[in-house]
Amino acid sequence: MTSELEETNITSVMVDEKQQTIEKIKQTALEEFYENGYAKASLRTICRRAGVTTGAMYFHFENKEALLRAILEPLMKQYELLQKTLMQQELQEPENGAQLDVQMMRFVLEHRREAILVMEKVQGSCYEQYRSVIESMMEQAIETFYKSRMLEPPDPALISILAKIRLDGCLEILKGNYDMEYSLYLTEKIGIYAAGGTEKLIQDLNELHS
């Protein structure tokens, strides 16, 4: 019985040490990717800064892109799910749009470096076009909302421009040297401003088509 417990404890310690090593490599890699961009990031530097051998790194991650995916993929899945959830809520409760924007921005701000990385620093990786994916998601959300309130389908070019404006505003907050509280304050006020403009624009477009 004692031997079995000892073996269990040893196995548990080994698992913990393995997970700690993986997390240390990922956090160090995030710093390297963020500072230098994916294309210029060095696996040798990542290993040195993480205090592991290249062999240990390759034991856990096949290559540099696999390491990047391990960092970003879980967050991208969470982001996409949250985006869909909040879009449905906004359709049902348009008056709460600004607060829903705050919810999304809070998630993004909690992963600020990863968000800036995937938006601006992943050239040469499988995420190189992900900014376009996010723009498309925003376009879909805006188009769905407008369609629910309009007599005629909205102009695609208009929707595309509105999505880019919204994304650029989010990036300005994300890249600003603001703390969480002030960033969310800015998000809320911009959301209130956007809501008023949206109502006026929908009214104008409906009058145009009536």
Side-chain angles (χ1 to χ4, degrees), residues 23 26-38 68-122 125 127-149 154 158-203:
E23 290 304 316
K26 286 168 61 178
Q27 286 303 312
T28 305
L30 174 59
E31 293 171 8
E32 173 73 7
F33 291 146
Y34 183 78
E35 290 172 7
N36 298 309
Y38 172 81
L68 181 68
R69 286 200 307 270
I71 295 168
L72 294 180
E73 189 170 328
L75 295 177
M76 296 305 98
K77 289 181 178 178
Q78 292 179 55
Y79 172 83
E80 291 175 12
L81 179 59
L82 184 58
Q83 175 80 353
K84 291 178 182 178
T85 300
L86 296 181
M87 182 178 72
Q88 291 300 319
Q89 289 185 26
E90 187 171 15
L91 287 173
Q92 297 169 9
E93 307 167 4
E95 69 279 6
N96 293 329
Q99 290 305 314
L100 297 176
D101 288 346
V102 168
Q103 287 186 46
M104 174 58 80
M105 183 56 78
R106 183 184 296 277
F107 172 80
V108 174
L109 287 166
E110 287 171 351
H111 308 284
R112 185 191 296 263
R113 289 184 301 173
E114 293 92 332
I116 294 173
L117 173 62
V118 79
M119 293 296 291
E120 298 188 337
K121 299 172 179 280
V122 287
S125 78
Y127 291 102
E128 189 170 28
Q129 301 301 320
Y130 198 78
R131 177 169 179 153
S132 297
V133 173
I134 294 177
E135 283 186 7
S136 295
M137 291 173 65
M138 285 194 171
E139 286 180 21
Q140 181 185 2
I142 294 172
E143 181 182 28
T144 300
F145 184 81
Y146 273 61
K147 279 184 175 179
S148 72
R149 309 284 298 280
L158 176 61
I159 295 300
S160 178
I161 293 169
L162 291 174
K164 286 180 171 62
I165 292 172
R166 185 171 184 178
L167 183 58
D168 287 344
C170 291
L171 278 172
E172 283 298 311
I173 295 174
L174 188 63
K175 294 165 66 177
N177 189 26
Y178 313 125
D179 60 27
M180 175 69 81
E181 182 179 359
Y182 189 62
S183 295
L184 296 181
Y185 164 82
L186 291 174
T187 300
E188 181 186 26
K189 300 313 174 190
I190 291 171
I192 293 170
Y193 171 81
T198 296
E199 288 298 322
K200 179 62 177 175
L201 179 56
I202 289 175
Q203 179 184 346

*Check whether any side-chain N or O of Lys121 sits under 3.5 Å from a backbone N or O of Tyr34 as a donor-acceptor pair, and report yes or no.*
yes
*asked:* Measuring from atom OG of Ser183 to atom CG of Asn177, what distance do you get when rounded to the nearest 0.5 angstrom?
replied: 9.0 Å
*Is the closest basic N to carboxylate O distance between Asp168 and Arg131 below 4.0 Å?*
yes
Determine all donor-acceptor pairs shorter than 3.5 Å in which one atom belongs to a side chain in residues 82-97; sequence neighbours excluded.
unit_1, atom_1, unit_2, atom_2, d
Thr85, OG1, Leu81, O, 2.9
Glu93, OE1, Asn96, ND2, 3.0

*Report yes if the side chains of Lys26 and Glu23 come closer than 4.5 Å at any heavy-atom pair, otherwise no.*
yes
_Residue among Phe33, Tyr127, Tyr79 satisfying side chain to side chain contact (heavy atoms under 4.5 Å, CB included) with Leu72_ = Tyr127
_Gap separating the CZ atom of Arg69 from the CD atom of Glu73, nearest 0.5 angstrom_ = 7.0 Å
*Do Glu143 and Lys147 have side chains that get closer than 4.5 Å, going by heavy atoms?*
yes
Listing, residues 105-118 side-chain donor-acceptor contacts under 3.5 Å, not counting sequence neighbours, or none:
unit_1, atom_1, unit_2, atom_2, d
Arg112, NH1, Leu174, O, 2.5
Arg112, NH1, Gly176, O, 3.3
Arg112, NH2, Tyr178, O, 3.2

*Considering all heavy atoms of both residues, which atom of Ala29 and which atom of Ile71 are nearest to each other, and what is their separation?*
CB-CD1, 3.9 Å
*Please examine the side chains of Met119 and Leu167, heavy atoms only from C-beta on, and report whether any two atoms are closer than 4.5 Å.*
yes
*asked:* Taking atom CD as the centre, does Glu172 end up with more than 12 heavy-atom neighbours from other residues, nucleotides or ligands that are less than 6.0 angstrom away?
replied: no
_From CD (Glu139) to CD1 (Ile161), nearest 0.5 Å_ = 10.0 Å
*asked:* Would you compute the distance between atom CD of Glu35 and atom CG of Leu30 and round it to the nearest 0.5 angstrom?
replied: 9.5 Å
